[in-house]
Protein chains: 2
Amino acid sequence: MELIGHSVTGSTNIHADAEYPVRAHVRKARVLLTVECLAFSFQYDALKILLFKGGSNGLNKWSFAQAVVGENESPDDTARCLMRGSTGISTAFLEQLHTSDGIIKLPGERVVSVTYISLMNGFKLDENAGNNLGNKWFHLDKLPKLRNDQREMINCAINHLRYKAALHPLLFELLPDRFTIPQVQNLYDSVYNAQIDKRNFSKRLLSTGLLIKTADKDRSSKKGASYYQLNKDLYNPRSLSLIKLLPNLHTFTGR
Amino acid sequence: MELIGHSVTGSTNIHADAEYPVRAHVRKARVLLTVECLAFSFQYDALKILLFKGGSNGLNKWSFAQAVVGENESPDDTARCLMRGSTGISTAFLEQLHTSDGIIKLPGERVVSVTYISLMNGFKLDENAGNNLGNKWFHLDKLPKLRNDQREMINCAINHLRYKAALHPLLFELLPDRFTIPQVQNLYDSVYNAQIDKRNFSKRLLSTGLLIKTADKDRSSKKGASYYQLNKDLYNPRSLSLIKLLPNLHTFTGR
DNA sequence: TCAAAAGTGTTTTGTATACACCCATGA
DNA sequence: TCATGGGTGTATACAAAACACTTTTGA
């Protein structure tokens with residue numbers, strides 16, 4: 001560690017005294033900056049996570065989407081570009097989860113990775129997009145063999161997603177522009193691995209005022225469920241104001 | 001951006017096709033990694049933020065604690081070391097807020113900064129510690145002249161602190177080992193710039209089960225307020241389970 | 001006509017809020 | 001004895017939870 005600019009003498013380290021010892025000569029780290037995306041989507045009534053074959057692990061191992069941050073890019077840019085490039089669609093919601101400690105990975109090179117959680121709209125995905133790129137969407141209960149630290153990262157990301165989505169209307173990013181209430185409930189049931197009471201869920205959902213009923217119905221079921229749209233005037237997945245869509249908010253736990 | 005390891009041919013960029021264009025040659029960024037700490041404490045019944053004179057802004061300007069991440073340090077290490085070195089006490093709570101875009105600051109050098117929010121225990125602070133190091137704790141309503149982006153960062157950090165503390169028992173880190181209920185309330189009133197009803201606040205506070213009453217009293221008031229301690233078995237400032245200490249949780253807003 | 005899924009309402013229970021008085025003590 | 005700050009209780013209103021039946025329609 002080297003303190004920045006707190007010196008009036010030109011010395012780089014005015015705190016190197018007996019009481020608050022700081023190493024006198026710290027070699028400044030120049031690091032290779034990468035991003036890593038844990039990408040989720042909702043397809044076929046289930047939450048999916050995106051994995052790639054042939055990552056830094058080895059050619060036949062699965063891992064997350066990763067990219068090196070270019071000289072003229074921000075990490076956010078890189079993450080968006082990575083996701084677009086590897087799925088063909090834009091990221092609906094992107095958030096930094098954590099910046100890694102920067103353990104030595106490549107020989108002689110320190111790599112610091114910014115980990116993102118990324119929500120991709122499964123309904124905009126081309127069915128075949130990415131198949132030739134070696135990526136695949138996995139059901140969370142049907143994951144391939146992964147390193148333990150990768151499993152942990154997935155758990156961490158899911159917990160984060162559940163946490164955020166319990167408080168904010170984040171998950172609508174995973175739905176098409178028009179959706180039905182049973183569809184929303186399937187999404188929440190899938191994310192929380194739960195069976196939420198449909199009467200109470202629909203009451204909570206409608207009471208947010210975020211949904212606008214349309215005249216059309218989804219005709220894939222016998223009775224047909226009404227389509228709803230988001231009220232764009234109110235909807236903001238990043239809003240700090242809290243919504244409540246889940247019962248027993250204080251008791252939910254991880255998978 | 002350069003994708004990592006998704007190539008079976010050795011080329012660095014298998015996605016450089018017409019459909020998903022990616023620049024064919026991206027210069028990998030080697031960046032100087034720094035940390036920046038927005039540190040809060042609770043002193044004299046008010047929330048304070050730590051600023052340093054003579055930061056990267058210039059010798060007579062105030063700014064946040066900053067340090068370069070050393071070769072053998074993680075950013076978290078650096079942040080803790082920075083805070084300990086500049087205040088004499090350990091950080092009670094540390095959390096990454098954001099990793100910056102890494103705009104060019106120093107000539108020819110790209111600097112990426114990991115911003116932290118840091119809670120320091122004001123009751124463990126040596127009254128004079130740091131005075132000779134050019135740091136000072138400022139009341140949030142009595143800040144010195146700062147750059148606009150620094151003001152924004154402070155607002156962002158306060159909003160984040162309020163958000164987290166409204167949901168989790170984070171603020172106890174700012175109190176001494178033994179504290180009184182009126183003291184906790186002063187803390188919350190200060191953080192939220194509010195006057196919370198003391199009867200309801202004390203009910204909520206005690207109903208969490210986090211507090212254990214001791215036999216002793218603080219004798220600085222006439223009647224004397226009972227000292228409480230945290231129930232270490234239950235207390236976890238990072239716990240994902242939610243507590244409610246504030247009224248109208250869904251409506252609170254920033255300063 | 002029946003099976004499948006959508007849609008809706010009420011009762012009960014619990015929790016948040018608003019609000020005001022008594023208590024203990026040092027000065 | 002009185003001013004100061006600590007401590008408590010209750011009635012009311014609101015919100016959450018539990019719970020079951022009716023509707024629509026394609027097969």
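Quick note on labels: first sequence line is chain A, next is B, and so on, each numbered from 1.
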- line: Separation of dA5(C) atom P from Arg219(A) atom CZ, nearest Å, is 14 Å

- prompt: What is the distance from CD of Gln185(B) to P of dG7(D), rounded to the nearest Å?
  reply: 11 Å

task: For the pair Tyr163(B) and His160(B), name the ring-plane relationship: parallel under 30°, tilted 30 to 60°, perpendicular over 60°.
output: tilted

query: What's the NZ-P distance between Lys217(A) and dT23(D), to the nearest Å?
result: 14 Å

- request: May I have the distance from Lys223(B) (atom NZ) to dC22(C) (atom C1'), rounded to whole angstrom?
  value: 8 Å

Whole-Å gap separating P (dG5(D)) and CG (Asp218(B)): 12 Å

- request: Report yes if a side-chain nitrogen or oxygen of Ser226(A) is closer than 4.0 Å to either non-bridging phosphate oxygen (OP1 or OP2) of dA6(C); otherwise report no.
  value: no

- line: Here the distance between atom C1' of dG26(C) and atom NZ of Lys222(B), to the nearest Å, is 6 Å

- prompt: When Phe138(B) is tested against each of Trp62(B), Phe40(B), Phe52(B), Phe64(B) for ring pair (Phe, Tyr, Trp, His ring centres under 6.0 Å), which residue passes?
  reply: Trp62(B)

message: Using heavy-atom distances to pick each residue's nearest nucleotide on DNA chain D, tell me which of Gly224(A) and Pro182(B) is more 5'.
response: Pro182(B)

query: Think Arg178(B) forms a cation-pi with Phe123(B), using NZ or CZ under 6.0 Å from the six-ring centre and within 45 degrees of its axis?
result: no

message: Taking CG in Asp177(B) as the centre, count heavy atoms belonging to other residues, nucleotides or ligands within less than 6.0 Å. Is the count above 12?
response: no

task: Would you mind telling me which residue lines up with the more 5' stretch of DNA chain C, Ser221(B) or Ala225(A), judged by nearest nucleotide?
output: Ala225(A)

message: Is there a side chain to side chain contact (heavy atoms under 4.5 Å, CB included) between Glu95(B) and Lys164(B)? Walk through the geometry before answering.
response: CA-CA 11 Å; Glu95(B) 190 174 78; Lys164(B) 293 280 285 199; 2.9 Å; yes

- prompt: When you measure from every atom of DNA chain D, which of residues 194-209 of chain B have a heavy atom less than 4.0 Å away?
  reply: Lys198(B), Arg199(B), Lys203(B)

- line: To the nearest angstrom, the OH-P distance between Tyr228(A) and dA6(C) comes to 12 Å

field: Geometric cation-pi criterion, Arg80(B) with Tyr116(B): 6.0 Å, 45°
entry: no

- prompt: dA16(D) C1' sits how many Å from Leu246(A) CG, rounded?
  reply: 13 Å

message: I'd like to know whether Tyr228(B) forms a ring-ring contact (aromatic ring centres under 6.0 Å, His included) with Phe179(B), so could you lay out the CA-CA distance, the side-chain angles of the two residues, the decisive distance to 0.1 Å, and finally the verdict.
response: CA-CA 5 Å; Tyr228(B) 287 80; Phe179(B) 49 82; 7.2 Å; no

